[in-house]
J.: 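After the structure tokens below, expect a handful of questions from me.
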Amino acid sequence: MTRRSPRKALIVGAGIGGLAAAATLRRVGVEVQIFERAAELRPGTTAVSLMSNAILALRTLDIDIAPGLDKRGEVFDELKFLTRRGRPIRAMPFRELANRLGASNYAVHRADLQQTLLDAIGGDQAIELNAAATEFVTGDDGVEVTFEDGRKAAGDVLIGADGFNSTIRRQVAVADDPRPGNYMCWLATVPFGHPRVTKGYAAHYWGRGQRFGLADIGHGRAYWWGTKNIPAGASGSRRLGKEQVAGLFAGWADEVQEAIRVTPEGITAQDRPFLQRWGTGRMTLLGDAAHPMLVSLGQGAALAIEDAVVLAEHLKEATELPSALRGYEDRRRPRTEALVAEARALSETEQLEGPFASRMRDLYFRFAPPSKFTSQNEAVLTWPPPG
Ligand SMILES: Cc1cc2nc3c(=O)[nH]c(=O)nc-3n(C[C@H](O)[C@H](O)[C@H](O)COP(=O)(O)OP(=O)(O)OC[C@H]3O[C@@H](n4cnc5c(N)ncnc54)[C@H](O)[C@@H]3O)c2cc1C
């Protein structure tokens with residue numbers, strides 16, 4: 001069936017990707033209805049880096065989230081790479097590129113990012129809570145989603161933005177097992193003050209088979225995450241309490257040890273094999289549901305936002321909805337596939353465990369010419385991406 005533009009998009013999942021899609025689709029005149037499984041909007045207690053490419057992508061639709069992020073989060077102008085004891089390996093400068101692009105990179109609490117995206121959607125957001133989608137049917141005239149409690153909703157297109165364990169994805173993809181990253185990750189946001197953790201501080205500390213990230217997220221708070229290689233099969237040793245995590249980072253830089261103040265929740269870092277087919281008929285996927293990635297690049301949230309922008313561009317003037325959705329998928333696949341692979345490769349480098357290999361890594365990062373990194377950074381942080 002052909003229609004000038006879709007009247008109504010059903011979005012399953014009110015995470016970063018679902019909220020961003022609601023904002024971008026509304027901006028191009030599409031009515032949206034969001035369905036969230038949880039009983040309340042739960043952004044999580046941790047933080048994310050939100051990089052300039054996400055901000056620039058939204059600006060192409062005249063949506064500017066920078067003022068909200070300036071108010072609620074913290075800009076970081078460089079990312080320091082340090083040894084576990086806090087000695088410098090290399091600093092990755094972002095300020096010059098940010099000035100040139102006209103957008104900064106932020107570290108922001110997830111709740112603050114959620115609020116910023118809700119602001120971008122505007123008032124009277126239609127978010128139905130307690131709505132766990134179980135299946136969908138796509139036909140010539142529309143798409144229908146069924147929820148756990150038997151409710152049904154009908155619309156013109158369906159966007160599966162239901163995250164890593166997406167139910168919607170399961171209906172278009174052959175069952176795929178998550179690929180464990182072979183390391184555990186503990187993370188927390190804490191009220192924090194330390195002489196070395198100044199405004200806009202962002203640092204990665206590299207050990208052997210272990211790393212630690214620490215970032216100022218503004219308003220006297222810091223975000224930290226620590227990792228340790230633990231083979232996927234060793235499930236018992238994956239559940240460590242706060243004291244054991246503190247023990248893993250004993251002897252690390254003072255600010256690292258001091259940041260481990262709250263009982264962290266252990267989570268497994270993982271991605272999935274890259275999915276080539278994201279949709280069928282009037283349904284498509286977006287964000288982690290389409291391209292879950294390991295966290296090393298700090299790009300998962302930004303890629304979900306980029307998806308939302310490209311999706312809106314494709315639906316804006318669409319007369320053939322299924323082909324507009326396939327057009328969106330074709331445009332997004334190359335960049336997301338490349339960055340999923342890059343995140344995995346970087347993660348393997350960062351988690352190197354052998355003394356020789358981890359020493360070589362540190363030396364390489366210390367002495368490689370800046371040009372090695374600048375073009376790579378620019379390709380990731382720019383929108384539209386070069387080439
Ligand atoms: C430890 C860690 C650190 C990270 N750090 C960063 C970082 O620094 N920078 C960055 O850019 N990214 C980071 N990421 C990745 C980032 O969090 C994700 O890429 C991003 O949240 C994806 O957004 P999403 O909307 O696709 O999925 P999600 O944020 O997972 O949202 C999915 C939503 O769908 C809902 N849902 C699920 N199933 C259903 C259903 N059946 N029906 C209805 N609703 C449903 C869920 O409740 C949830 O609200 C990190 C991830 C992890 C795990």
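For ligands, and for the atoms within them, numbers begin at 1 and follow the listed sequence.
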J.: Using a strict 4.0 Å cut-off to heavy atoms of Gly13, name the atoms of ligand 1 that fall inside it.
T.: 33 (C), 34 (O), 35 (C), 44 (N)

J.: Is it the case that Glu74 and Tyr223 place a side-chain donor and acceptor less than 3.5 Å from each other?
T.: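 Result is no, nothing qualifies.
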
J.: Is there a heavy atom in Phe164 that sits closer than 4.0 Å to ligand 1?
T.: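 No; Phe164 lies far enough from ligand 1 that no heavy-atom distance drops under 4.0 Å.
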
J.: With heavy-atom distances below 4.0 Å as the criterion, list the atoms of ligand 1 near Ile16.
T.: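 It comes down to these atoms of ligand 1: 21 (O), 23 (O), 25 (O), 29 (O).
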
J.: Regarding Thr138 and Arg282, is there a side-chain donor-to-acceptor distance under 3.5 Å anywhere?
T.: no

J.: Between the side chains of Glu135 and Gln171, is a donor N or O closer than 3.5 angstrom to an acceptor N or O?
T.: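 The criterion, which ignores hydrogens and geometry beyond distance, is not satisfied for Gln171 and Glu135.
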
J.: Look only at interatomic distance and state if Ser49 has a nitrogen or oxygen under 3.5 Å from any nitrogen or oxygen of ligand 1.
T.: yes

J.: Once rounded to the nearest 0.5 Å, what's the spacing between atom CH2 of Trp383 and atom CG of Asn53?
T.: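 The CG atom of Asn53 is 8.0 Å from CH2 of Trp383, to the nearest 0.5 Å.
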
J.: Show the atoms of ligand 1 that are less than 4.0 angstrom away from any heavy atom in Phe35.
T.: 43 (C), 44 (N)

J.: In terms of atom number and element, which parts of ligand 1 are under 4.0 angstrom from non-hydrogen atoms of Gly17?
T.: 23 (O), 24 (P), 25 (O)

J.: Suppose I only count heavy atoms of Ala302 and a 4.0 Å limit; which atoms of ligand 1 are within that range?
T.: 11 (O)

J.: Tell me, please: is Arg110 in heavy-atom contact with ligand 1, that is, under 4.0 Å?
T.: yes

J.: Any donor-acceptor pair under 3.5 Å linking the side-chain atoms of Asp307 with those of His291?
T.: yes

J.: I'd like to know if the side chain of Arg361 reaches the main chain of Glu350, judged simply by a donor and an acceptor atom lying under 3.5 Å from each other, with no hydrogens or angles considered.
T.: yes

J.: Answer yes or no: is there an ion pair linking Arg326 with Glu329, defined by an N-O contact shorter than 4.0 Å?
T.: yes

J.: With respect to Ala289, determine whether any N or O atom, backbone or side chain, lies less than 3.5 Å from an N or O atom of ligand 1.
T.: no

J.: For Gly287, take its heavy atoms, then give the atoms of ligand 1 lying under 4.0 Å from any of them.
T.: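 Listed by number with element, the hits are 26 (O).
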
J.: Applying a heavy-atom cut-off of 4.0 Å, say which part of Arg42 lies close to ligand 1: side chain, backbone, both or neither.
T.: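 Within the 4.0 Å criterion, Arg42 makes no contact with ligand 1.
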
J.: Could you tell me, atom by atom, which parts of ligand 1 come under 4.0 Å of a heavy atom of Thr167?
T.: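 Numbered from 1, ligand 1 contributes 41 (N).
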
J.: Answer yes when Asp119 and Lys71 have at least one side-chain N-carboxylate O distance shorter than 4.0 Å, and no when they do not.
T.: no

J.: Is it true that Ala38 lies under 4.0 Å from ligand 1, counting heavy atoms only?
T.: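 Ala38: no contact with ligand 1 (<4.0 Å).
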
J.: For atom 32 (C) of ligand 1, which candidate among Ala131, Ala47, Ala133, Ala161 provides the closest heavy atom?
T.: Ala161

J.: In Å and rounded to the nearest 0.5 Å, what is the OG1 to CD1 distance from Thr60 to Ile55?
T.: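 Interatomic distance, Thr60 OG1 to Ile55 CD1, rounded to 0.5 Å: 12.5 Å.
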
J.: Mark up the atoms of ligand 1 that fall under 4.0 Å of a heavy atom belonging to Gly163, in ascending order.
T.: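 Under 4.0 Å from Gly163, ligand 1 has these atoms: 27 (O), 30 (O), 32 (C).
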
J.: Does ligand 1 come near enough to Leu187 that some N or O of the ligand is less than 3.5 Å from an N or O of the residue?
T.: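 The answer is no, given that Leu187 and ligand 1 share no N or O pair closer than 3.5 Å.
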
J.: Is it the case that one hydrophobic cluster holds both Ile63 and Ile159, taking links as side-chain heavy atoms less than 4.5 Å apart, direct or via other members?
T.: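 Per the 4.5 Å side-chain linkage, Ile63 and Ile159 are co-clustered.
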
